[in-house]
Number of protein chains: 2
Amino acid sequence: MNSMASTSDKILDIAQSLIVAGGYNGFSYADISAAIGIRKASIHHHFPTKAELVAVLVDRYRQQAEAGLKFLQERSSDPSEQLQSYLGFWEKCIRDASLPVCVCAMLASEMQMLPEEVASRVRTHFQSLAAWLTSLLKEGAEQDLFRLSRRPEDEAQALMASVHGAMLSARAFGDPALFITIANAQIAKLQAPAR
Amino acid sequence: MNSMASTSDKILDIAQSLIVAGGYNGFSYADISAAIGIRKASIHHHFPTKAELVAVLVDRYRQQAEAGLKFLQERSSDPSEQLQSYLGFWEKCIRDASLPVCVCAMLASEMQMLPEEVASRVRTHFQSLAAWLTSLLKEGAEQDLFRLSRRPEDEAQALMASVHGAMLSARAFGDPALFITIANAQIAKLQAPAR
DNA sequence: TAAATCCTACCTACTAGTAGGAAGGCAAAT
DNA sequence: ATTTGCCTTCCTACTAGTAGGTAGGATTTA
């Protein structure tokens, strides 16, 4: 499966795992070169500059994310279930360390020194995720599954922040289980107010 | 005031502002050198290695943070007020860009490739902040100011995650106001369930 | 044959870190 | 009082290694 992946995809795969480990400044072409057994210059053939590489990487990540969210929407019409699936996805990624943190969350922390072509794409991902969560909360509120104490837009921002913060805490404490603990506490706040 | 600060303090000040901008791998001795008009070798005199520099920096940051939190506790016995002051402090830091994000939150994102002497200190800060928030929430719950839907420890983790995530979102969107919007939404969830 | 892919070999700029000396402050010995 | 010597601070000059990136040739694929 990995052996028949194209070289450029392999490059992006490795780059992504290096970015989630150490951010934009935490990896080099030499690192990728060593990881997939290809020379530095060959990587430059596929991605002339580092900024371009990461820009393409974020585009690919955003596409995958949007496809994934769309899939969740289509699989279940229950907003509560969709939210559970979304958080379950991340729980799995964090538990098996396949993607211990959102690529864009990682890059967002370095926003101030990111090349503009990367920064703008990270912003776009944040916007699209916020929009997805907003419509999810809106629907959930209409179906009386969630009780919102703020505008759906603001609640979505709060939820997104919780998820990103939970990833950070899980990483800081070296405890993957902490992610779902925090996420569940947040869900409880969305559902509890009724009782 | 800055002119009578010791050289090593000036080094730490600059290093801190560089770290919150771009993380551990986002600054170099040359950057500090250029910023305070001292040679690279002189910085190595004060802090032999980069890991040592950042370790001392985190120690200083943690001391300042703990002193600040203690001060908030002493200034007001009202947990609700203490929480407001804590969030107000960060709102100001983010608004005037003096400290747009917690140093340890920044470093935590790079946890996996941090020197152990730095990583352990970052963990310690997270623990001490979580402990402070836990006792704050516990007190608030006893005084019927907060309604907790989970153990105080878990609620504290959720709150801390929200704060860190809010910092990240404010940065990603380039909108300092977003921090307090998210923070207020979180406070509302702590207070609202009663009605 | 032509394009895509990957290579060797190289570039300049920068990385953290070191060796060793100059300048100044300070305190004890003269 | 002045000299001696130590200590701190900062310097110039340098190291080995790494950063992103390039030129141009070889090999593979269509």
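Below, chains carry the letters A, B, ... as their sequence lines are ordered, and counting in each starts from 1.
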From [atom1] of [X] over to [atom2] of [N], roughly how many Å is that when rounded to an integer?
| X | N | atom1 | atom2 | result |
| --- | --- | --- | --- | --- |
| Leu18(B) | dT15(C) | CG | P | 11 Å |
| Lys40(B) | dA13(D) | NZ | P | 14 Å |
| Ile43(A) | dT8(C) | CD1 | P | 13 Å |
| Phe47(A) | dT5(C) | CZ | P | 11 Å |
| Asp31(B) | dA13(C) | CG | P | 17 Å |
| Ile38(B) | dT12(D) | CD1 | C1' | 14 Å |
| Tyr29(A) | dT15(C) | OH | P | 19 Å |

Query raised in the report: Base, sugar-phosphate, or nothing for Phe27(B), non-hydrogen atoms under 4.0 angstrom?
Result: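 Sugar-phosphate contact only - Phe27(B) comes under 4.0 Å of backbone atoms but never of a base.
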Just checking, is any N or O donor in the side chain of [X] or [Y] under 3.5 Å from an acceptor N or O on the other one?
| X | Y | result |
| --- | --- | --- |
| Arg75(A) | Ser85(A) | yes |
| Glu155(A) | Thr134(A) | no |
| Ser162(B) | Gln186(B) | yes |
| Thr181(A) | Gln157(B) | no |
| Ser80(A) | Asp78(A) | no |

Should [X] be listed as having a side-chain N or O under 4.0 Å from OP1 or OP2 of [N]?
| X | N | result |
| --- | --- | --- |
| His45(B) | dC10(D) | no |
| Thr7(B) | dC10(D) | yes |
| Ser28(B) | dT15(C) | yes |

Query raised in the report: Is a donor-acceptor contact shorter than 3.5 angstrom present between the side chain of Lys50(A) and the base of dG21(D)?
Result: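 No.
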Query raised in the report: With nearest nucleotides of DNA chain D determined for Ser42(B) and His44(A) from heavy-atom distances, which residue corresponds to the more 5′ nucleotide?
Result: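 The answer here is Ser42(B).
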Query - Out of dT8(C), dA16(C), dC11(D), whichever nucleotide has its closest atom nearest the side chain of Arg39(A) - result: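 Nearest nucleotide to the side chain: dT8(C).
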**Report entry** Side chain of Ala41(A) (C-beta onward), nearest among dT9(D), dT18(C), dA9(C)
**Finding:**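 Within the option list, the nearest is dA9(C).
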